[in-house]
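Notes to accompany the following structure.
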Amino acid sequence: MKRWALFFLSWVAIIPFTRAEEDVSARSKALEVAGAFSNDGYKIRDGFWAGELEPSRPQLLEVNLFGGNEYWFSAAAVPPARKIAVAVFDEAGKPVDFQTYDNGNMAAAGFVPNVSGRYFVKLTLLEGEKSQFCLLYSYK
Amino acid sequence: MDLASFALARKSLAKIHGFVLSAHMNLMRRLFSAALLILAAGGPALAEEAALTPDQIKQVVRVESVTIPMPGEFFAAIDKQGRPNWTQLVRAATPEATSSRAQIALALGTLVADGYIAVEAEDSQAVKNIGKEIINLAKKLNVSQSVLGRGNSINDFASNNDWSALREELEATQNEVKLDMEEQKDSSLVTLVTIGAWLRGTEITSGLVAKTYTPEAGRLLRQPAIITYLLEQIATLPKGIQSEPLLVSVQSSLEKAKAAVEAKTPSEQNIKDLHQTMEAAVTAITKGSSES
């Protein structure tokens, strides 16, 4: 009985730790992508969005952007995610013209809004299984 | 992910700044990332997507540290309209002593925005002074040693005129203060820091736009969704904080601001009204007056 209790407790302790580790890994990968844009003068926001991404269940985030600024939304997921995509939409939910970068479980979308206001960023798991993700953005 | 594990993940991330924060990323890593992008992508391409459904829009999440822009983004957009004389806008703001934790949190937010102004002005001494004031206020809110260490980083970056790193460090400092507040079960103060920064940032930008108004510049200030979010956050604060005269005044200022920026192109008068409202709100925060 004691052995089972110890086994159970070790899992209770390990699971959140593993998730935290995965979040850190996803964030460091997202920062790797964003870091490339910072060579081009983009400043990386310290804030980030982390969570779980599942097949056929895209995640959507609200952002508020300024007209004339240039933005890159960089995301990464950890295995078993194999391929993800980032997309940008206006306040009405219509897709905007944006550039894409994708490299398996790392992806980014570049966008220059004409007007300030509310926009939505969609993160989709295209290939692979449920996994942790992180998204952050940079601007100039 | 459940809330407990998310909180743990967030906490863990906050404690490894040297690794995860871009301000500390070294040049080699950035160059490696750039090479990785070029090799893997072969250049960017335009994408095609279907429109979001109303149900999807209802499920959109908001994460304050990402959804709400920092003053630096606001100022970057203003710079594109014609670079203002930022030096004239730097202020030595020492908030009046107060025992109200809500007022301290709001004042701390206004100082973060002041930090960005000093960075735009490339005034290293002003950045150091503001950084010191931020840490002084943070101490009054009993934040941890790690936040106090941020003050040293701000000083170091200011001494080296590393303006890009300073922009990131100011936001990182603000986020670390907020994280500490959450750990101390002071989460109600987190929103007030955000509100303080937004009020001061908008005061500055609306003042600049009002001076040389153009419809294009007026449209930069059209951000009603941010104000809606901030008002919703105030509505979730404990009743005791909500009823503080300063909070009642801030709420009223935000409502007036929302009315001023709801039009697709806020008029010159809208922008002037907005500036007047924001100026009064920031003065109330730094001087401790409840009348605006």
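In what follows, every chain begins at residue 1, and chains take the letters A, B, ... in the order their sequences are listed.
For a residue to count as touching a neighbouring chain, one of its non-hydrogen atoms must lie under 4.5 Å from one of that chain's; by this rule Y229(B) does not touch chain A. Neither the backbone nor the side chain of E216(B) comes within less than 4.5 Å of any heavy atom in chain A. The contact between Y71(A) and chain B is made entirely by side chain atoms (from C-beta outward), counting heavy-atom distances below 4.5 Å. Contacts between F120(A) and chain B at a heavy-atom distance below 4.5 Å involve the side chain alone, from C-beta outward. Looking at A92(A), the atoms closer than 4.5 Å to chain B (heavy atoms on both sides) all sit in the backbone: N, CA, C or O. Within the 4.5 angstrom heavy-atom criterion, only backbone atoms of K140(A) (N, CA, C, O) approach chain B. Both the backbone and the side chain of R222(B) come within contact range of chain A, each with at least one heavy atom under 4.5 Å from a heavy atom of that chain.
For the atom pair F75(B) CZ and F66(A) CZ, the distance stands at 9.5 Å (nearest 0.5 Å). E49(B) contributes atom CD, which lies 5.0 Å from atom CZ of F98(A) (distance to the nearest 0.5 angstrom). Taking NZ from K80(B) and CG from N69(A), the interatomic distance works out to 4.0 Å, rounded to the nearest 0.5 Å. Atoms NZ and CD, on K122(A) and Q56(B) in that order, are 5.5 Å from each other to the nearest 0.5 Å. If you take NZ on K58(B) and CG on L60(A), they are separated by 14.0 Å, rounding to the nearest 0.5 Å. Here the CZ-OG1 distance, from R118(A) to T67(B), works out to 10.5 Å after rounding to the nearest 0.5 Å.
In terms of heavy atoms, G72(B) sits closest to Y139(A) at C-OH, 3.6 Å. The nearest pair of heavy atoms linking G67(A) to A77(B) is O-CB, 4.1 Å. Closest approach of V60(B) and L61(A) over heavy atoms only: CG1-C, 3.8 Å. Of all heavy-atom pairs between G47(A) and E171(B), the closest is N-OE2, 3.4 Å.
More than 12 heavy atoms of other shown residues, nucleotides or ligands fall within 6.0 angstrom of atom CG in N161(B). Enclosure of atom CD in E129(A) is not indicated, since only 12 or fewer non-hydrogen atoms of other residues, nucleotides or ligands lie within 6.0 angstrom.
Interface check for chain A: of the options Q59(B), M70(B), E64(B), the most heavy-atom pairs under 4.5 Å are formed by M70(B). Of the listed residues (P69(B), P224(B), A50(B)), the one with the most heavy-atom contacts under 4.5 Å to chain A is P69(B). Interface remark: of the candidates Q81(B), Q174(B), R219(B), R219(B) forms the most heavy-atom pairs closer than 4.5 Å to chain A. Interface remark: of the candidates G117(A), A85(A), G68(A), G117(A) forms the most heavy-atom pairs closer than 4.5 Å to chain B.
No side-chain donor-acceptor contact under 3.5 Å links E62(A) to the backbone of V63(B).
Side chains of V66(B) and R45(A) form no contact here, defined as non-hydrogen atoms less than 4.5 Å apart.
The salt bridge (Lys or Arg N to Asp or Glu O under 4.0 Å) contacts involving residues 74-84 of chain A comprise K83(A)-D102(A), where partners must be two or more places apart or lie in separate chains.
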With side-chain contact (heavy atoms from CB on, under 4.5 Å) as the test, would you mind laying out the steps for V61(B) and W49(A) before giving the verdict? CA-CA 10 Å; V61(B) 298; W49(A) 175 39; 3.6 Å; yes
I'd like to know whether E73(B) forms a side-chain contact (heavy atoms from CB on, under 4.5 Å) with Y137(A), so could you lay out the CA-CA distance, the side-chain angles of the two residues, the decisive distance to 0.1 Å, and finally the verdict. CA-CA 11 Å; E73(B) 286 175 70; Y137(A) 77 84; 2.8 Å; yes
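Qualifying salt bridge (charged side-chain N to carboxylate O under 4.0 Å, His left out) partners for E127(A), counting only residues two or more places apart in sequence or in other chains: none.
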